[in-house]
Asks: 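The structure follows.
As a basis for the values below, the full set of heavy atoms in this structure was taken, side chains included, without hydrogen atoms, waters or symmetry mates.
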Amino acid sequence: DRKLDTGTEVNTGISLTFHFYGGLGSLYFVFGSDVQPYTVTDHATGISVTCGEYGFLHDFVDLQQLFGTAPTSITVDFGENLASIQELYIYTPGEVPDFVQKWQLPIDNSTDLLLYSTHGDDEQLFFAGLLPYYANAMDYTVQVVYLTNHQNENDARVHEMLNGLWAVGCDTYPVFGKYYDFLYDNIKQTYRAFENLGHPREEMLGFVVEQLRRFKPLVAVGHDFAGEYGHGQHMVYADLVAEAVT
């Protein structure tokens with residue numbers, strides 16, 4: 001139904017079976033929560049392939065690539081894992097719609113531009129133009145690293161983040177930090193709040209440094225030191241990026 005706040009829970013031991021005499025070309029899942037590996041089995045050959053191991057919330061499965069042909073009958077088995085499915089699209093062989101997201105793994109050691117975005121929406125608002133120009137028009141390798149993980153509070157916002165990145169030409173899956181979203185207009189208060197939540201500054205600095213060492217970008221971009229409009233978390237991320245470079 002194209003709605004980000006509706007879906008269904010697949011309980012332990014449940015599998016889904018699909019048949020189409022003309023052949024099944026691909027599946028596209030929009031998962032509502034953390035993704036656990038699942039298997040797809042071609043009934044004709046008995047071959048099973050593990051999917052979902054990369055944890056993509058928007059997960060495209062090319063059945064023809066997996067099995068060398070378009071199977072007429074498959075079973076998707078989540079085993080002992082629980083799965084929350086917001087959307088499921090099934091396509092016959094051929095081109096799929098543009099909104100179907102075929103995410104690629106982040107490219108270690110070879111990234112053109114690394115963008116440190118505190119929240120989902122900052123990458124589109126305060127760095128407006130950067131992503132569509134470098135990821136799309138210039139076709140550079142662009143990696144986005146978010147400080148906060150909105151899935152702690154709101155699954156729908158994470159879907160919006162992925163949809164937004166895809167719309168402007170990013171196809172490498174973003175990195176999500178583990179930090180909560182909250183608002184202070186002072187950098188000291190913000191650091192203190194993070195520490196009270198169990199995340200001292202040194203740990204957060206380690207997270208930012210880890211991304212530089214992992215992706216080895218030619219260019220890294222961070223927030224304004226004043227936090228654009230005075231957002232304390234933006235100030236913290238800018239401060240951490242500046243020190244992480246050193």
Asks: Give the cluster check for I187 versus F225: same hydrophobic cluster or not, with ILVMFWY residues linked at side-chain heavy-atom distances below 4.5 Å.
Replies: no
Asks: Considering all heavy atoms of both residues, which atom of V175 and which atom of F215 are nearest to each other, and what is their separation?
Replies: CG2-CZ, 3.9 Å
Asks: For the pair R157 (side chain) and G120 (backbone), establish whether a donor and an acceptor sit closer than 3.5 Å, ignoring hydrogens and angles.
Replies: yes
Asks: Nearest 0.5 Å please: distance from the NE2 atom of H234 over to the CG atom of D185.
Replies: 12.5 Å
Asks: Looking at V142, is its backbone amide N or carbonyl O close enough to the side chain of T172 to form a donor-acceptor pair, meaning the two atoms are under 3.5 Å apart?
Replies: yes
Asks: Answer yes or no: is there a side-chain heavy-atom contact under 4.5 Å between K102 and D62?
Replies: no
Asks: Students often mix this up, so state it plainly: with edges at 30° and 60°, are the rings of H223 and Y237 parallel, tilted or perpendicular?
Replies: tilted
Asks: Mark yes or no for whether Q233, through its side chain, and Y180, through its backbone, hold a donor-acceptor pair below 3.5 Å.
Replies: yes
Asks: Once the angle between the rings of Y173 and F176 is folded into 0 to 90°, is it parallel (under 30°), tilted (30 to 60°) or perpendicular (over 60°)?
Replies: perpendicular
Asks: Just wondering, more than 12 heavy atoms not from F99 lying within 6.0 Å of its CZ?
Replies: yes
Asks: Checking E195 side chain against A193 main chain: does a donor-acceptor pair fall under 3.5 Å?
Replies: no
Asks: Do the non-hydrogen side-chain atoms of V96 and F60 ever get within less than 4.5 Å of each other?
Replies: yes
Asks: For P37 versus E53, what's the shortest heavy-atom pair and its separation?
Replies: CG-CA, 4.2 Å
Asks: Does any donor atom in the side chain of T141 or T111 lie under 3.5 Å from an acceptor atom in the other side chain?
Replies: no
Asks: Could you tell me if the side chain of Y191 sits less than 4.5 Å from the side chain of V236, heavy atoms only?
Replies: yes
Asks: Nearest 0.5 Å please: distance from the CG atom of L66 over to the SG atom of C51.
Replies: 5.0 Å
Asks: Between E87 (side chain) and R2 (backbone), is there a donor-acceptor pair under 3.5 Å?
Replies: yes
Asks: Say you draw a straight line from CG of L240 to OH of Y116; how long is it, rounded to the nearest 0.5 Å?
Replies: 9.5 Å
Asks: Find out whether the Lys NZ or Arg CZ of R192 is both under 6.0 angstrom from the six-membered ring centre of Y184 and within 45° of the ring's axis.
Replies: no
Asks: Could you check whether any side-chain heavy atom of V144 comes within less than 4.5 Å of a side-chain heavy atom of M161, counting everything from C-beta outward?
Replies: no
Asks: Just how far is it from atom OG of S84 to atom CG of D34, taken to the nearest 0.5 Å?
Replies: 10.5 Å
Asks: Which pair of heavy atoms, one from Y146 and one from P174, lies closest together, and at what distance?
Replies: CE1-CB, 3.7 Å
Asks: Report yes or no: do H159 and Q86 form a side-chain donor-acceptor pair below 3.5 Å?
Replies: no
Asks: Is it the case that more than 12 heavy atoms not belonging to Q65 sit under 6.0 Å from its CD atom?
Replies: no
Asks: Take a 6.0 Å sphere around CG of D98 and say whether it holds more than 12 heavy atoms from other residues, nucleotides or ligands.
Replies: no
Asks: Parallel, tilted or perpendicular for Y134 and Y140, by the 30°/60° rule?
Replies: parallel
Asks: Looking only at atom types and distance, does a side-chain atom of T148 sit under 3.5 Å from a main-chain N or O of T118, one as donor and one as acceptor?
Replies: yes
Asks: Within the distance-only criterion (no hydrogens, no angle test), does the side chain of W166 pair as donor or acceptor with the backbone N or O of W103 below 3.5 angstrom?
Replies: no
Asks: Is any side-chain heavy atom of F126 closer than 4.5 Å to a side-chain heavy atom of D224?
Replies: no
Asks: Can a donor-acceptor pair be found, under 3.5 Å and without considering hydrogens, that links the side chain of S117 to the backbone of H119?
Replies: yes
Asks: Flag yes if more than 12 heavy atoms outside K216 fall under 6.0 Å of its NZ atom; otherwise flag no.
Replies: yes
Asks: For the CG atom of N11 and the CG atom of N81, what is their distance to the nearest 0.5 Å?
Replies: 12.0 Å
Asks: Take a 6.0 Å sphere around CZ of F182 and say whether it holds more than 12 heavy atoms from other residues, nucleotides or ligands.
Replies: yes
Asks: Side chains of V100 and Y89: does their closest heavy-atom pair fall under 4.5 Å?
Replies: no
Asks: Taking all atoms of both residues into account, what is the closest heavy-atom pair of S15 and T75, and its distance?
Replies: CB-CG2, 3.8 Å
Asks: Looking only at heavy atoms, what is the nearest atom pair of A70 and P93, with distance?
Replies: CB-CG, 3.6 Å
Asks: Just by modelled atom types, is the D239 backbone N or O under 3.5 Å from a matching donor or acceptor in the E243 side chain?
Replies: no
Asks: Please report the closest heavy-atom contact between F67 and I47, naming both atoms and the distance.
Replies: CE2-O, 3.5 Å
Asks: Could you check whether any side-chain heavy atom of F78 comes within less than 4.5 Å of a side-chain heavy atom of L16, counting everything from C-beta outward?
Replies: yes
Asks: Supply the atom-to-atom distance D42 CG to I74 CD1, rounded to the nearest 0.5 angstrom.
Replies: 8.5 Å
Asks: Could you check if a side-chain atom of P217 sits within less than 4.5 angstrom of a side-chain atom of L113, using non-hydrogen atoms only?
Replies: no
Asks: Do any N or O atoms from the side chain of E123 and from the backbone of L131 form a donor-acceptor pair under 3.5 angstrom?
Replies: no
